[in-house]
Trainee: 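Structure provided below as structure tokens; questions to follow.
Proteins get letters first, then strands, A, B, ... in listed order; numbering begins at 1 in each.
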Amino acid sequence: MILDAALRRAITTTLGDDYRDTDPLIRPSQRPQLGDFQANAAMSLGKQIGTDPRRLAQQIAEAVTRELSAIAEPPEVAGPGFINIRLKPEALAEMLTAVDTAALGITPDPDTRPIAIDLCGVNIAKQMHVGHLRSTIIGDALARILERRGRRVHRENHLGDWGLTIAMVLRELRASKADLDALVLDDLDAAYRRAQHQCARDTNADAAAKEVLVALQQGDADVRRDWQKIIDVTMQAVYESFDLLGVKLGPENNRPESSYRDQLPEVVDAFIQAGLAQEDQGALIIRFDDRDRPLIIRKSDGGYLYSTTDLAAVRYRVQQLDASRVIYVVDARQRDHFRDVFDAVRRIGWDLLADGTRAQLVHVPFGAVLGADRSPLKTRSGENVPLATLLKKAIERGALEVKKRAADPAAPTHGLDPRQLDQIGRAVGIGAVKYADLSSDLVRDYLFNLDRMIAFEGNTGPYLQYAHARVCSIFAKANVDPQEVGDAGFVLKDGSERQLALLLLRYAGVVADTARTLEPHRLCTFLYDLANAYSSFYERCPVLKAQSEPLRRSRLRLCGLVRRVLADGLDLLGIEAPQRM
RNA sequence: GCGCCCGUAGCUCAGUCGGAUAGAGCACCGGUUUCCUAAACCGGGGGUCGCAGGUUCGAGUCCUGCCGGGCGCGCCA
């Protein structure tokens, strides 16, 4: 922005053209009493050149004073060489006006190539559980953030619909003569577990399962029909969960493992041809110089593994989808696996895009969801908690809280239709779960605690939704359409108004940072700061009863902008923002 | 054994490319409502940033070693 350019010029003026590309390191001020922004470059520069950083800061500050005089107070040097800058109120108002557009200041990513995100990854014949929850929520949020900057995103649901485990289930169903037309997911889930058990103990069952697999792979009509049925049953429940979660996923995002099956021999061949694969104990492996662990791409019985499919999938995403970033939102335990797969891909050159550049292959690892006992969340019987159960609980809880509040005659939700309240409750419950999932560093394990995540205090989804609802309430009270606050001039006198304005200016940058780092908690932290700043403003500054009409209109417009940024930010996280709650 | 990740207040977590006196929330203590949603706001106490070295004008952040916890390591996905 303006400050950055001005500081860059000041650095060049002071130190010469060699320093033209020096980043002035402008950051929001850590101490609002000292300024709005701070430039940190003088200290490291002073070290590089061997001059006193404080004196250098002084020189840079002087060089920039005149240029900034229209928009800022004279910069002040403090501490070991910080340059503190405070904007003049009119300049701040002008900048705020500039971001008060439909795009909220967000500019399109200069890179316009598509992106592929591997997310969800459900397994056929199994219930979705908490692991799928994280991959789905995080993947969808990242997709929304990247799309917001104009990128085309392919959400790739890499369904586990192939391989021995599926064949084991099919064998089990046939052995127990199950009526596949009457099948529901619970039956399938049970069959899945029985099948695992049987085949582990009974070599006959295992052999039979392998026969089913061969039949499936050879396109046996009966087996294929049954196979399709269990896919349909599983996916029906999956789509219901997608609907409850409000993620932008559907049948069009399915790219199952089976869709790569014809390519597997060719994938392996390519590695052999390139001299990158070797036989070892009957299996075909890829070795790496810097690790003992090889990547097995073909079993000694000639079968393929998930690593083979993953190699085919990366190639497809780079070469067919033309994705310049291929993102995997998968459990952190698979770090080593993706490291190996990506390295193999780079070696054979399948990360090469049509334009000659290399695609960025990135694994976004996330931690486990832990129960109250700090071990991965399980039911009493020791099984994974089904996603449907968990979502149902969250929704019930959200509805309970919303209805409790609506009982108060003074509440804006009082007297609403119970179905409307349920809808709001759903948004609150689901929003709480999603926000809890996204708001801390993804790689850390997190404690699933419904009480905490649905609390309306602290860094939670409901708190942000509440802040948004309060803004909406002002507009409802004023009987003004939030879209039509017009072009009133911003009057930013109160400290809380300034803070709000400074935060709003940062939104576009935060979205860009989040898109770059693929760390949604950055956006969460920002939105929480914004909601906090709004709450302070709300306490201090009457809007509808402001002392003067210009002030009233300024504050109304400020509220409108806050509302849009909150709603937009929540939308990027895949969280609904009800007007009332 | 080898490798990866994590360790910040009693609890749950932030901390940007190495920058000022390490910040929030919960819990605890105190205050605020004739006023737009008190599901809120304002204030207070609470820290050996796992430990020890090192690099640096400056380290929660970078390097080395150690301690503690988690996870992964050839034909499951």
Side-chain angles (χ1 to χ4, degrees), chain A residues 23 25 27-31 34 38 40 43-44 46-47 52-54 78-82 84 121 123 160 162-165 196 257 280-285 291-301 303-307 309-310 331-337 339 365 367-368 374-375 401-402 404-405 408 410-413 428 436 439-441 443-447 449 451-453 455-460 462-463 465-467 469-478 510 513 517 519 521-522 524-525 528-529 532 535-546 555 559 580-581:
Chain A
D23 186 344
L25 298 175
R27 303 278 179 267
S29 185
Q30 284 174 31
R31 296 165 194 284
L34 296 180
Q38 57 186 57
N40 297 342
M43 290 170 289
S44 51
K47 181 177 177 178
D52 175 26
R54 219 191 131 92
F82 298 96
N84 291 318
N123 297 312
W162 202 244
L164 188 57
T165 40
Q196 294 270 334
E257 287 180 339
D280 193 278
Q281 298 167 40
L284 199 71
I285 64 168
R291 71 204 75 153
D292 294 335
R293 176 188 67 241
L295 181 67
I296 303 177
I297 59 172
R298 192 178 65 201
K299 298 192 282 185
S300 50
D301 69 1
Y304 304 106
L305 302 99
Y306 71 126
S307 57
T309 311
D310 275 337
D331 193 316
R333 286 177 300 185
Q334 295 196 37
R335 263 188 158 126
D336 289 345
H337 169 68
R339 189 162 170 232
R374 299 195 150 273
S375 64
E401 298 291 339
V402 167
K404 206 160 68 185
R405 175 66 184 169
D408 180 352
T413 47
V428 170
S439 58
S440 62
D441 191 0
V443 81
R444 299 176 68 127
D445 295 347
Y446 87 89
L447 229 57
N449 180 340
D451 286 335
R452 196 194 302 278
M453 54 181 76
F456 295 82
E457 305 90 24
N459 190 5
T460 69
Y463 177 78
Q465 289 171 320
Y466 174 62
R470 281 173 115 188
V471 191
C472 291
S473 187
I474 287 183
F475 286 100
K477 211 89 175 182
V510 169
D513 276 352
T517 59
E519 293 175 354
H521 78 278
R522 290 170 186 262
C524 294
T525 303
Y528 178 59
D529 289 344
N532 251 329
S535 289
S536 298
F537 160 79
Y538 185 90
E539 294 296 321
R540 294 173 52 91
C541 302
V543 177
L544 300 179
K545 294 180 182 167
R555 287 180 177 167
C559 285
R580 285 179 287 191
M581 60 185 279

Trainee: When the C1' atoms of B:rC36 and B:rC41 are considered, how many whole Å apart are they?
Mentor: 14 Å
Trainee: Between B:rG50 and B:rG7, how far apart are the C1' atoms? Round to whole Å, please.
Mentor: 6 Å
Trainee: I want to verify a distance call: between B:rC11, B:rC36, B:rC75, whose nearest atom is closest to the A:S300 side chain?
Mentor: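 Minimum distance to the A:S300 side chain belongs to B:rC75.
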Trainee: Taking any heavy-atom pair under 4.0 Å as a contact, classify A:N84: base, sugar-phosphate, or nothing.
Mentor: base
Trainee: Please name the nucleotide paired to B:rC26 by Watson-Crick or G-U wobble geometry with both distances under 3.5 Å, or report none.
Mentor: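 Its partner is B:rG10 (Watson-Crick or G-U wobble, both distances under 3.5 Å).
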Trainee: Let me know the distance between CD of A:E539 and P of B:rA39, rounded to the nearest Å.
Mentor: 11 Å
Trainee: On a whole-Å scale, what distance lies between the C1' atoms belonging to B:rA52 and B:rG15?
Mentor: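 One C1' to the other, the span is 24 Å.
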Trainee: How do A:L25 and A:C541 order along RNA chain B: which one's closest nucleotide is nearer the 5' end?
Mentor: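 The residue whose closest nucleotide sits nearer the 5' end is A:L25.
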Trainee: Taking only the side-chain nitrogens and oxygens of A:K299, find out if one of them lies under 4.0 Å from OP1 or OP2 of B:rC76.
Mentor: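 So the side chain of A:K299 is within the cut-off, an N or O lying under 4.0 Å from OP1 or OP2 of B:rC76.
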Trainee: Test side chain to side chain contact (heavy atoms under 4.5 Å, CB included) on A:M581 and A:Y466 and set out the steps.
Mentor: CA-CA 7 Å; A:M581 60 185 279; A:Y466 174 62; 4.1 Å; yes
Trainee: Evaluate side chain to side chain donor-acceptor pair (under 3.5 Å) for A:D336 paired with A:Q334, printing each intermediate quantity in order.
Mentor: CA-CA 6 Å; A:D336 289 345; A:Q334 295 196 37; over 6 Å; no
Trainee: Specify the separation, in whole Å, of atom CG of A:D331 and atom C1' of B:rG70.
Mentor: 12 Å
Trainee: Looking at B:rA40, which nucleotide sits across from it as a Watson-Crick or G-U wobble partner, both distances under 3.5 angstrom, or is there none?
Mentor: B:rU32
Trainee: Taking the same atom, P, in B:rC26 and in B:rA22, what whole-Å distance lies between them?
Mentor: 22 Å
Trainee: When the distance from CG of A:N449 to P of B:rC13 is rounded to whole Å, what number comes out?
Mentor: 10 Å
Trainee: With heavy atoms under 4.0 Å as the rule, sort A:P462 into base, sugar-phosphate or nothing.
Mentor: nothing
Trainee: B:rA39 phosphate, OP1 or OP2: any side-chain N/O from A:R405 under 4.0 angstrom?
Mentor: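 Indeed, a polar side-chain atom of A:R405 lies that close.
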Trainee: Whole angstrom is fine here: how far is it from OH in A:Y538 over to P in B:rC41?
Mentor: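 One finds 12 Å between P of B:rC41 and OH of A:Y538, rounded.
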Trainee: Cationic tip of A:R470 within the cone over A:Y538's six-membered ring, i.e. under 6.0 Å and within 45° of the normal?
Mentor: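 Yes.
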Trainee: Just to confirm, is there a sub-4.0 Å distance from OP1 or OP2 of B:rA20 to any side-chain nitrogen or oxygen of A:Q30?
Mentor: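 For B:rA20, OP1 or OP2 has a side-chain N or O of A:Q30 closer than 4.0 Å.
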Trainee: May I have the distance from A:W162 (atom CH2) to B:rC76 (atom C1'), rounded to whole angstrom?
Mentor: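 One finds 17 Å between C1' of B:rC76 and CH2 of A:W162, rounded.
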Trainee: Under 3.5 Å for both donor-acceptor distances, Watson-Crick or wobble: does B:rG74 have a partner, and if so which one?
Mentor: none
Trainee: Nearest whole angstrom, please: distance from the P of B:rG70 to the CZ of A:R333.
Mentor: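 Distance, rounded to whole Å: 14 Å.
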Trainee: Look at A:S440 and B:rC13 and indicate whether a side-chain polar atom (N or O) is within less than 4.0 Å of OP1 or OP2.
Mentor: no
Trainee: Taking any heavy-atom pair under 4.0 Å as a contact, classify A:L34: base, sugar-phosphate, or nothing.
Mentor: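 Answer is base: heavy atoms of A:L34 come under 4.0 Å of a base.
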Trainee: With rounding to the closest Å, how many angstrom separate the C1' atoms on B:rG74 and B:rG3?
Mentor: 16 Å
Trainee: Distance check, P atoms only: B:rG1 and B:rG47, in whole angstrom units.
Mentor: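 Per the computed distance, 38 Å lies between those P atoms.
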Trainee: Sticking with atom P, work out how far B:rG46 lies from B:rG10, rounded to a whole angstrom.
Mentor: 12 Å
Trainee: When all nucleic acid strands are considered with a 4.0 Å heavy-atom cut-off, which category describes A:D445: base, sugar-phosphate, or nothing?
Mentor: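 Contact class for A:D445: sugar-phosphate only.
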Trainee: Looking at B:rC17, I'd like to know if its phosphate oxygens (OP1 or OP2) sit under 4.0 Å from a side-chain N or O belonging to A:S44.
Mentor: no
Trainee: Just checking A:A78: base, sugar-phosphate only, or nothing, at a heavy-atom cut-off of under 4.0 Å?
Mentor: base
Trainee: Got A:Q38 and A:N40 here, is their nearest side-chain heavy-atom distance under 4.5 Å?
Mentor: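 A side-chain contact exists here, since the closest heavy-atom pair is under 4.5 Å.
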Trainee: What is the distance, rounded to the nearest whole Å, between atom CZ of A:R470 and atom C1' of B:rA38?
Mentor: 8 Å
Trainee: Could you state the atom-to-atom distance from CZ of A:F537 to P of B:rC42 in whole Å?
Mentor: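 About 14 Å, once rounded to whole Å.
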Trainee: P atom, B:rA59 versus B:rC49: distance in rounded Å?
Mentor: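 These two P atoms come out 12 Å apart once rounded.
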Trainee: Within the sub-3.5 Å range, which N or O atoms of nucleotides 4-8 of chain B have a protein N or O partner, and how far apart are they?
Mentor:
{"unit_1": "B:rC5", "atom_1": "O4'", "unit_2": "A:R335", "atom_2": "NH1", "d": "3.4"}
{"unit_1": "B:rG7", "atom_1": "OP1", "unit_2": "A:R444", "atom_2": "NH1", "d": "3.4"}

Trainee: Is any side-chain nitrogen or oxygen of A:Y463 closer than 4.0 Å to OP1 or OP2 of B:rC41?
Mentor: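 For B:rC41, OP1/OP2 do have a side-chain N/O of A:Y463 under 4.0 Å.
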Trainee: Indicate yes or no: does A:R333 engage A:D331 in a salt bridge with an N to O separation below 4.0 Å.
Mentor: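 Looking at A:D331 together with A:R333, the answer is yes, because their closest N to O distance falls below 4.0 Å.
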